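What you are looking at is a predicted structure, and each value in this text was computed from that prediction instead of being measured. All values below come from the heavy atoms of this structure, side chains included, with hydrogens, waters and symmetry mates left out. Counting from 1, the numbers follow the sequence of the chain as shown. In each ligand, atom 1 is the first atom listed, and ligand 1 is the first ligand listed.
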Amino acid sequence: MVELTTQDIGDLWVEGKHPDLEVLSPQPLVAATPIALMAGQRITTTDRIFIRNIQDFPEAHTVAARPIEGWEIELVGLMTPSRIVIQAEELLDMEQVEYEMVLQCSGNGRAMYPSIPGTPWNQGGVANVVFSGVPLSAVLEKHGVIIDPQVRYVTAEGREGAMGPELSDLEHSLPVADVLATSIIALRLNGEPLPGIHGGPVRLITPGFFGTMQLKWLARLRFEVSESTCFYHAVEYRVPLSPVKPGDDFEFTLDNSRPTWLIKLMSYVLEPAPHATVARGTVTVSGVAYNDGMARLEAVLVSVDRGETWQPTQFDTPDSPYAWYLWSTQVQLDPGEHEIWARAIDYLGRSQPLDGSVNWNPNGYEWTGVFKTPITVS
Ligand SMILES: Nc1nc2c(c(=O)[nH]1)N[C@H]1C(S)=C(S)[C@@H](COP(=O)(O)O)O[C@H]1N2
Ligand SMILES: [Mo]
């Protein structure tokens with residue numbers, strides 16, 4: 001693959017984003033955060049947050065806020081009344097809710113799976129950010145909307161269109177219970193009005209779910225019995241319900257697969273960086289870890305002998321269950337080639353497989369394997 005820099009793509013780049021982001025695709029724009037920009041940040045500053053467009057929205061190619069005046073969001077489906085249109089501007093005057101949370105593309109880690117095509121994400125499709133906005137449930141209440149008990153899914157559509165006539169338009173469905181419990185229509189990111197490139201002026205945010213499900217440029221919400229049959233929801237961004245042998249073909253249907261919804265347990269070593277050379281003796285190892293927010297993390301363990309022995313790391317538990325944990329520890333290393341492995345365990349007893357490819361799936365989603373960082377000790 002040809003490595004592109006932010007300079008190479010000229011006008012397609014978003015001014016104000018960090019020039020060291022790695023361009024994985026110029027159009028639609030996809031850019032990853034290198035480990036060096038991720039390390040040591042509790043909240044990923046907005047200039048460093050990865051960008052993942054499936055569909056570009058040219059007028060939103062900016063880190064600035066976009067006009068909220070006149071932006072409408074349509075709510076339709078099995079509800080009474082059966083359709084309302086809200087003005088995004090009215091959300092500014094309503095009570096705001098804030099989530100510190102991980103934003104992670106479900107394709108993050110794809111490059112770790114053997115032989116899978118698609119955007120070759122390593123670990124650069126993740127950030128820890130603060131979104132704030134108005135709970136969707138409060139919007140429904142304000143407008144006196146009653147959702148029919150038959151409704152099982154809420155499908156969100158963005159305002160931008162497909163990037164070609166042969167392409168399906170992007171939309172995603174979420175379980176209605178989660179949407180009514182936690183989703184917000186986000187207006188702000190990291191304390192500033194939501195930047196255009198990250199979905200401004202309004203984005204549907206549901207903490208604990210993969211980035212894919214966090215619909216930018218929110219235009220419409222449908223309350224329905226069935227989930228979306230759109231290509232990006234019914235074929236892509238899904239994983240088979242039962243294991244698939246690596247390399248095997250798989251025909252996705254709504255019944256034999258599920259959407260990439262909840263974020264998987266993950267931990268990353270951020271320091272030392274992969275392929276770094278460090279001095280012998282005591283080496284500080286640090287990184288981040290997170291899950292879907294359903295349970296706290298019990299431990300993050302580190303191994304420098306390829307899984308023979310593991311030592312605990314130290315961390316503070318963040319206030320928000322959806323935020324990432326910053327962990328660190330010290331290890332003793334002799335000169336030579338080493339690998340640092342990291343593995344998280346949560347209070348639901350979930351852990352990361354030593355070999356992440358046991359979860360192999362045709363599109364390489366939901367990597368949750370132990371992260372292995374090669375280093376040289378001099
Ligand atoms: N409307 C819209 N929403 C979208 C997308 C998109 O292309 N269009 N990409 C999705 C994907 S795959 C991811 S991982 C996240 C990325 O969010 P970010 O670009 O703010 O980092 O947005 C999601 N929401
Ligand atoms: Mo994604």
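Using a cutoff of 4.0 Å between basic side-chain nitrogens and carboxylate oxygens, Glu160 and Lys216 are not scored as salt-bridged. Using a 4.0 Å cut-off between charged side-chain N and carboxylate O, Arg238 and Glu227 make a salt bridge. Checked for salt-bridge contact, Lys142 and Glu90 meet the test: a charged N lies under 4.0 Å from a carboxylate O.
In Met163, neither the side chain nor the backbone holds a heavy atom less than 4.0 Å from any atom of ligand 1.
Heavy-atom contacts of Ile51 reach the following atoms of ligand 1: 19 (O) (cutoff under 4.0 Å). Interface of Gln55 with ligand 1, defined as ligand atoms under 4.0 Å from a residue heavy atom, comprises 7 (O). Short contacts between ligand 1 and Asn53, defined as distances under 4.0 Å to a heavy atom of the residue, involve ligand atoms 7 (O).
In this structure, Phe50 and Thr44 have side chains that are not in contact, with every pair of non-hydrogen atoms separated by 4.5 Å or more.
Residue, atom and distance of the protein heavy atom nearest to atom 14 (S) of ligand 1 are Cys105 CB, 3.4 Å. When only non-hydrogen protein atoms are considered, atom 20 (O) of ligand 1 lies nearest to His198 ND1, 2.7 Å. Looking only at protein heavy atoms, the nearest one to atom 2 (C) of ligand 1 is Glu160 OE2, 3.3 Å. The protein heavy atom nearest to atom 3 (N) of ligand 1 is Lys216 N, 2.9 Å. The nearest protein atom to atom 6 (C) of ligand 1, hydrogens excluded, is given as Leu170 CD2, 3.3 Å; this is a heavy-atom distance. Protein heavy atom nearest atom 24 (N) of ligand 1, with residue, atom name and distance: Gln214 O, 3.0 Å. Nearest protein neighbour of atom 17 (O) of ligand 1, counting heavy atoms only, is Arg203 NH2, 2.9 Å. For atom 21 (O) of ligand 1, the nearest non-hydrogen atom of the protein is Phe50 O, 2.8 Å.
In this structure, a donor-acceptor pair under 3.5 Å is present between the side chains of Thr155 and Ser173.
Residue Thr329 holds its OG1 atom at 4.0 Å from CD of Gln311, rounded to the nearest 0.5 Å. Rounding to the nearest 0.5 Å places CZ of Phe231 at 10.0 Å from OH of Tyr237.
Hydrophobic clustering places Leu180 together with Met94 (ILVMFWY residues linked when any side-chain heavy atoms are closer than 4.5 Å, directly or through intermediates).
Applying the ring pair (Phe, Tyr, Trp, His ring centres under 6.0 Å) criterion to Phe223, with sequence neighbours excluded, gives no partner residue.
Applying the 6.0 Å contact sphere to CD of Glu15 captures no more than 12 heavy atoms from other residues, nucleotides or ligands.
Ligand 1 does not have Met213 within reach: every non-hydrogen atom of the residue lies 4.0 Å or more from it. The closest approach between any non-hydrogen atom of Tyr237 and ligand 1 is below 4.0 Å.
Looking at Trp217 next to ligand 1, no N or O pair under 3.5 Å apart turns up. For ligand 1, the polar-atom distance check against Ile54 finds a nitrogen or oxygen pair separated by under 3.5 Å. Close N/O approach between Gln104 and ligand 1 is not found [any backbone or side-chain N/O within under 3.5 Å].
With ring centers used as reference points, Phe371 lies 6.0 Å or more from Trp341.
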